[in-house]
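This report concerns only the one structure given below.
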Amino acid sequence: MRMADRFRGYLPVVVDLETGGFDSARHALLEIACVFLTFDADDQLVVASDWVKAVEPYPGSAIDPASLKVTGIDPDDPARGALEEIDALTELFQQVRRQIKAEGCQRAIIVAHNASFDQGFLNEAIDRTGIKRNPFHPFSSIDTASLAAVAVGHTVLSEACARAEIPFDLSQAHSARYDAGRTAALFCEIVNRWPYAPPSP
C-alpha cells in the first residue's frame, strides 16, 4: 500500500495545537505537535514519527487563564524552549515536506480531532507570519471526531479511544504531543478497520 494511492496523493499528518483560547484571530498559539504515518509491510497504517514544539505567544495575543488551567502550560516558563511562531512553522513545514517526498505524495492534509479548530489556528498563524509555502491543503481536512462518530459512535476523543480499545490517560490529555498521539492511534485504527477496494485500472 502506498500513501499516495490510498489518500489520493495526499499525506495525512495528524496535528494537535494547544492554544490560549478558542478565538483563532486573537488567542495565542502555544504548542504544536504532529504525527507522521506510514504503511507497514502488512499494509497497516502505523505511526512513523512525531514532532513537537512549544511556541512563544505572538506580540499582542490574548491568553485566557482558563485555557492555561486546562493545558497546564506556563507561557513564561523558559524551560519550554519555545520558538517564535515563524520559526516553529518553518521547522514544521520542513518536516512535512520531507515526509511528503518520502511517501511520494503531492501535498499534506491535516488529520485532527475537531479539525476545523486546529486548521483555523494554523491558517491564522500562517497569515500572521506571512509564510508563503504552506504544504497543507488550505481548507480540506480529515476530522477524526466525525470518523469516530461513524466508526465507534462517539465524538469525544477519550471515549472514542476507549470504544476502539485504545488506552487513554486523562491525566496526560491536553498536551499537544499526547493528544496528537492518541488521535493518530484512533485514525490508524479506523483506517485499518475500513474495507478498502483499490480502483479498477
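Computed from a predicted structure; not experimentally measured.
Put simply, the side chain of Asp16 never gets that close to the backbone of Tyr178: no donor and acceptor are under 3.5 Å apart. Remark: side-chain polar atoms of Asp179 are not paired, donor with acceptor, to backbone N or O of Ala173 under 3.5 angstrom. Using modelled atom types, one side-chain atom of Asp43 and one backbone atom of Met1 make a donor-acceptor pair closer than 3.5 Å.
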(request) Check the pair Glu91, Leu83 against side-chain contact (heavy atoms from CB on, under 4.5 Å), reporting the backbone distance first and the verdict last. (result) CA-CA 10 Å; Glu91 187 174 325; Leu83 300 179; 3.8 Å; yes
(message) For Thr90 and Gln94: C-alpha separation, side-chain torsions, deciding distance, then whether side-chain contact (heavy atoms from CB on, under 4.5 Å) applies.
(response) CA-CA 6 Å; Thr90 298; Gln94 287 172 346; 3.9 Å; yes
(message) Using side-chain contact (heavy atoms from CB on, under 4.5 Å), reason through Leu37 and Phe187 one step at a time and then give a plain yes or no.
(response) CA-CA 10 Å; Leu37 309 172; Phe187 180 62; 3.6 Å; yes
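Glu124 CD to Thr129 OG1: the interatomic distance, rounded to the nearest 0.5 Å, is 11.0 Å. Put simply, OG1 on Thr183 and CG on Asn114 are 9.0 Å apart, with the number rounded to the nearest 0.5 Å. Atom CZ of Phe117 is separated from atom CG of Leu122 by 11.5 Å, given to the nearest 0.5 angstrom. Considering CG of Asn192 and CG of Asp40, their distance stands at 8.0 Å, rounded to 0.5 Å. One finds the CD1 atom of Ile32 at 11.0 Å from the CD atom of Glu18 (value rounded to the nearest 0.5 Å). Atom CG of Leu92 and atom CZ of Arg97 lie 9.5 Å apart (nearest 0.5 Å).
Contact between Ala33 and Val52 at its shortest, heavy atoms only, is CB-CG2, 3.9 Å. Shortest non-hydrogen contact noted between Val14 and Ala180 is CG1-O, 3.5 Å. Of all heavy-atom pairs between Leu89 and Ile126, the closest is CD1-N, 4.0 Å. Nearest heavy atoms, Val13 versus Cys34: CG1-CB, 3.8 Å.
Under the ring pair (Phe, Tyr, Trp, His ring centres under 6.0 Å) criterion, no residue pair touches residues 41-95, with sequence neighbours excluded. The salt bridge (Lys or Arg N to Asp or Glu O under 4.0 Å) contacts involving residues 151-176 comprise Glu159-Arg163, where partners must be two or more places apart or lie in separate chains. Judged as a ring pair (Phe, Tyr, Trp, His ring centres under 6.0 Å), not a single pair has a partner in residues 20-42 (not counting sequence neighbours). Among residues at least two apart or in separate chains, side chain to side chain donor-acceptor pair (under 3.5 Å) pairs with a member in residues 69-89 are Glu85-Arg128.
Counting only heavy atoms from C-beta outward, the side chains of Ile166 and Glu189 approach each other to under 4.5 Å. Considering only heavy atoms from C-beta on, Thr19 stays 4.5 Å or farther from Ser67 through its side chain. Considering only heavy atoms from C-beta on, Val191 comes within 4.5 Å of Arg6 through its side chain. Using a 4.5 Å cut-off on side-chain heavy atoms (C-beta onward), Trp194 and Leu147 make no contact. Inter-residue side-chain proximity for Pro12 and Met3 is flagged as met; some heavy-atom pair is nearer than 4.5 Å.
Under the 4.5 Å side-chain heavy-atom criterion for grouping Ile, Leu, Val, Met, Phe, Trp and Tyr, Tyr10 is connected to Tyr196 within one hydrophobic cluster. A single hydrophobic cluster is not seen to contain both Phe121 and Phe139; linkage of ILVMFWY side chains at heavy-atom distances under 4.5 Å, directly or through other members, places them apart.
Annotation for Leu30: hydrophobic cluster partners, listed by chain and number, are Ile63, Leu68, Ile73 (ILVMFWY side-chain heavy atoms under 4.5 Å, direct or chained).
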Please tabulate, for the side chains in residues 104-113, all donor-acceptor contacts under 3.5 angstrom to protein atoms that are two or more places apart in sequence or on a different chain.
| residue | atom | partner | partner atom | Å |
| --- | --- | --- | --- | --- |
| Arg107 | NE | Phe136 | O | 3.4 |
| Arg107 | NH2 | Asn134 | O | 3.4 |
| Arg107 | NH2 | Phe136 | O | 3.2 |
| His113 | ND1 | Thr144 | OG1 | 2.7 |
| His113 | ND1 | Ala145 | N | 3.4 |
| His113 | NE2 | Thr155 | O | 2.6 |
| His113 | NE2 | Leu157 | N | 3.3 |

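Residue-environment remark: CZ (Arg133) stays at or below the threshold of 12 foreign heavy atoms within 6.0 Å.
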